[in-house]
Amino acid sequence: MKERILIIDDEPNIAWLFREIFGASYEVLSAETGREGLDAAMHYDVDLIMLDLRLPDANGLDILKDLIARGCLCPIVIMTAYGEVKTAVKAMKTGAHDYITKPFDTEELKFLVESALKYSRLSMEVTRLRHELEDKYHVKNIVTVSPKMMELFSVIERISASDVPVLIQGESGTGKEIIAKSIHYGSPRKNKPFVPINCAALPENLLESELFGYEQGAFSGAHKRKPGKFELANGGTIFLDEVGELPLSMQPKILRVLEEKEIDRLGGTHRVPVDFRVVSASNKNLPGEVLKGAFRQDLYFRIAVIPITVPPLRERKEDIPVLAKHFLREYAVEQKKPVPELDDEAISTLLSYPWPGNVRELKNVMQQLSLLCDGKIIRKKDLPVFFYDPQFRLIENRTGDTGASTTDGVGLKELKDQAWEEIERHEIQEALNLFDNNRTRAAEYLGISRRTLQTKIKKYGL
Ligand SMILES: Nc1ncnc2c1ncn2[C@@H]1O[C@H](COP(=O)(O)OP(=O)(O)OP(=O)(O)O)[C@@H](O)[C@H]1O
Ligand SMILES: [Mg+2]
């Protein structure tokens with residue numbers, strides 16, 4: 001298909017000239033008024049617009065602004081009469097690609113049109129590549145062969161174009177956030193921000209100013225106006241992570257924003273409209289929280305129009321080997337090392353492990369292994385000891401262990417528990433040392449949530 005040049009000029013001989021010079025190689029469209037020009041630019045896919053500054057019905061500068069405001073991405077070249085250079089410069093500042101003065105020098109015109117079209121091709125290419133990257137980065141990097149997960153993605157695909165609120169439930173590390181991102185990047189809002197709010201990590205007294213922002217002077221310390229997260233997400237997606245941790249006192253405020261799509265900045269005098277889609281995630285069972293009275297039912301119904309549950313890794317074991325290989329490859333490529341391979345026995349050991357930290361834990365283990373065994377075969381004995389010896393598992397990691405009680409005061413179970421606790425305490429201390437007391441990283445390393453880690457730090461007085 002020929003590339004298209006749109007001429008917006010009321011002098012018919014200009015369009016005629018373009019057809020003479022470029023008609024053989026390009027399709028030349030022409031419009032005689034600003035209005036017609038705008039319509040043509042919106043209706044036809046054009047690759048270059050040549051815009052006269054003086055039009056019968058409008059100022060060329062206004063048409064230029066209008067074209068840009070309507071999302072016109074092709075280069076726009078201004079045509080000016082001799083002596084209008086100042087206006088042409090203004091047009092360039094507004095977003096015009098270049099300008100040329102009348103009467104045209106044919107060689108100059110040819111050069112300018114060719115280079116503007118080249119620019120147009122390149123920027124199209126960049127846009128295409130960006131989309132490709134986006135896809136790769138945000139959707140295609142979700143690795144799964146599990147039918148349960150495929151089903152979940154088919155639900156996501158069906159609702160991707162709409163704004164319905166989605167609640168993603170699942171254990172820690174199952175991939176809730178990566179799924180939330182894929183919902184955003186698969187939606188028409190993908191070029192606008194994806195703004196995560198970690199409802200568990202915000203102290204209650206800061207929650208409001210973080211979410212709704214504040215005006216200058218709203219309180220001592222508010223030196224300048226600060227937009228809140230809802231404002232930052234304008235046009236995009238708000239991700240309410242760990243929404244089950246939202247304090248009861250905040251829940252009505254969030255509900256109000258979701259319902260009215262307007263926010264009250266602290267110290268503000270009027271309400272500000274905001275446009276966002278809401279995706280939430282929780283590793284708690286929210287309906288259970290509603291029954292317990294810890295989560296408002298009205299808020300639940302508002303955020304959980306489409307509830308989806310990500311199955312834990314142990315319920316989609318088929319994903320374990322593919323994810324393990326995927327992460328090993330990823331780390332090897334990152335470090336420019338050969339990709340290590342897992343032997344059959346190592347794979348079956350991975351398959352029999354319960355993965356309480358789910359994909360995140362698997363990812364961490366693969367990272368450690370890739371550091372230790374670059375390019376080699378990974379065998380069962382290379383895996384961390386707790387994989388094949390349940391005695392060394394974190395207490396939380398045990399499954400189906402009821403323990404047996406003896407009659408003499410301290411039961412066998414208690415004894416065992418003490419031993420477990422000792423091991424656990426030791427592991428946590430090591431992880432904290434390893435990461436300079438950075439709790440987030442230590443929790444990641446251990447494959448438990450930050451919250452759990454915090455509880456345990458308190459319990460052991462570390
Ligand atoms: N299917 C998958 N394919 C590739 N990587 C994945 C997949 N699922 C999860 N991951 C990776 O595992 C890690 C944990 O995932 P994510 O942060 O999305 O989990 P989460 O459910 O939000 O966890 P938490 O409840 O602890 O916040 C991330 O690094 C993510 O990129
Ligand atoms: Mg998360």
Side-chain angles (χ1 to χ4, degrees), residues 134-157 166-186 194-202 237-246 278-286 289 303 307-334 350 355-368 370 394 396-397 439-456:
E134 245 165 31
D135 284 346
K136 206 154 131 195
Y137 207 80
H138 294 291
V139 188
K140 293 196 187 123
N141 71 343
I142 298 187
V143 175
T144 182
V145 289
S146 138
K148 284 183 189 164
M149 292 291 279
M150 309 269 184
E151 219 170 275
L152 193 150
F153 282 109
S154 85
V155 173
I156 288 177
E157 222 168 280
V166 182
L167 171 68
I168 309 165
Q169 297 203 89
E171 287 180 13
S172 177
T174 43
K176 296 184 294 295
E177 177 151 3
I178 189 174
I179 290 172
K181 279 189 180 153
S182 83
I183 294 177
H184 171 73
Y185 287 102
F194 172 84
V195 178
I197 297 172
N198 187 343
C199 301
L202 285 171
T237 305
I238 277 273
F239 174 46
L240 295 176
D241 199 5
E242 306 207 34
V243 69
E245 305 297 329
L246 206 58
V278 62
V279 175
S280 320
S282 172
N283 52 24
K284 280 187 174 167
N285 171 16
L286 275 194
E289 295 297 301
I303 61 173
I308 57 180
T309 303
V310 194
L313 201 49
R314 62 183 173 281
E315 285 174 21
R316 46 175 164 124
K317 284 186 184 289
E318 61 276 36
D319 272 351
I320 295 173
V322 265
L323 278 166
K325 287 175 191 165
H326 164 75
F327 292 132
L328 284 176
R329 189 172 321 113
E330 200 175 80
Y331 288 119
V333 169
E334 208 177 281
L350 296 180
W355 297 105
N358 292 293
V359 185
R360 179 177 297 111
E361 186 182 10
L362 177 69
K363 192 171 172 177
N364 291 337
V365 170
M366 292 306 130
Q367 184 174 22
Q368 289 168 33
S370 71
L394 282 177
E396 198 182 48
N397 297 5
R439 294 182 181 189
T440 309
R441 297 196 57 196
E444 258 173 27
Y445 174 81
L446 292 165
I448 57 180
S449 72
R450 206 185 121 93
R451 265 192 144 233
T452 310
L453 178 63
Q454 253 153 349
T455 320
K456 293 196 186 280

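Indexing begins at 1, ligand by ligand and atom by atom, following the structure's order.
Considering backbone and side-chain N/O atoms, Gly175 comes within less than 3.5 Å of an N/O atom of ligand 1. Annotation: His326 places no N or O atom under 3.5 Å from an N or O atom of ligand 1; distance criterion only. An N or O contact shorter than 3.5 Å links Lys363 to ligand 1 by distance. Annotation: Gly173 places an N or O atom under 3.5 Å from an N or O atom of ligand 1; distance criterion only. Some N or O of Arg360 is nearer than 3.5 Å to an N or O of ligand 1, by distance alone. Polar contact check, Thr144 against ligand 1: no nitrogen or oxygen pair lies under 3.5 Å apart. Residue-to-ligand polar distances place Glu177 within reach of ligand 1: an N/O pair is separated by less than 3.5 Å.
Once rounded to the nearest 0.5 Å, the distance linking CD1 of Ile142 with CG of Asp319 reads 11.0 Å. Atom-to-atom distance recorded for Glu318:CD and Met149:CE is 10.0 Å, nearest 0.5 angstrom. The structure places CD of Glu361 at 10.0 Å from CE of Met366, a figure rounded to the nearest 0.5 Å.
Nearest approach of Ser280 to Ile303, heavy atoms of both residues: OG-CB, 3.6 Å. When all heavy atoms of Val243 and Ser282 are compared, the closest pair comes out as CG1-CB, 4.1 Å.
For ligand 1, the atoms sitting less than 4.0 Å from at least one non-hydrogen atom of Val143 are 1 (N), 2 (C), 3 (N), 4 (C), numbered in the order shown with element in parentheses.
Ion pair Glu242/Arg450 not flagged as a salt bridge, since none of the NZ, NE, NH1 or NH2 atoms sits closer than 4.0 Å to an Asp/Glu carboxylate oxygen. The pair Arg451-Glu245 meets the salt-bridge criterion, since a charged nitrogen lies less than 4.0 angstrom from a carboxylate oxygen.
By the criterion of a heavy-atom distance under 4.0 Å, the side chain of Leu323, and not its backbone, is placed next to ligand 1. Contacts with ligand 1 closer than 4.0 Å are made by side-chain heavy atoms of Phe327 only, the backbone lying farther away. At a heavy-atom cutoff of 4.0 Å, ligand 1 is contacted by both the backbone and the side chain of Ile142.
Considering only non-hydrogen protein atoms, atom 4 (C) of ligand 1 sits nearest to Asn141 O, 3.2 Å. The single protein non-hydrogen atom nearest to atom 31 (O) of ligand 1 is Ile178 CD1, 3.6 Å, given as residue, atom name and distance. Annotation: atom 25 (O) of ligand 1 to nearest protein heavy atom, Lys176 NZ, 2.6 Å.
Residue nearest to atom 9 (C) of ligand 1, selected from Asn358, Val359, Asn283: Val359 (by heavy-atom distance).
In this structure, the side chain of Lys176 engages the main chain of Gly170 through a donor-acceptor pair within 3.5 Å. Using a distance-only test at 3.5 Å, with no hydrogens or angles considered, no donor-acceptor pair links the side chain of Asn358 to the main chain of Arg360.
Looking only at side-chain heavy atoms (C-beta outward), Glu330 and Ser370 stay at 4.5 Å or farther from each other.
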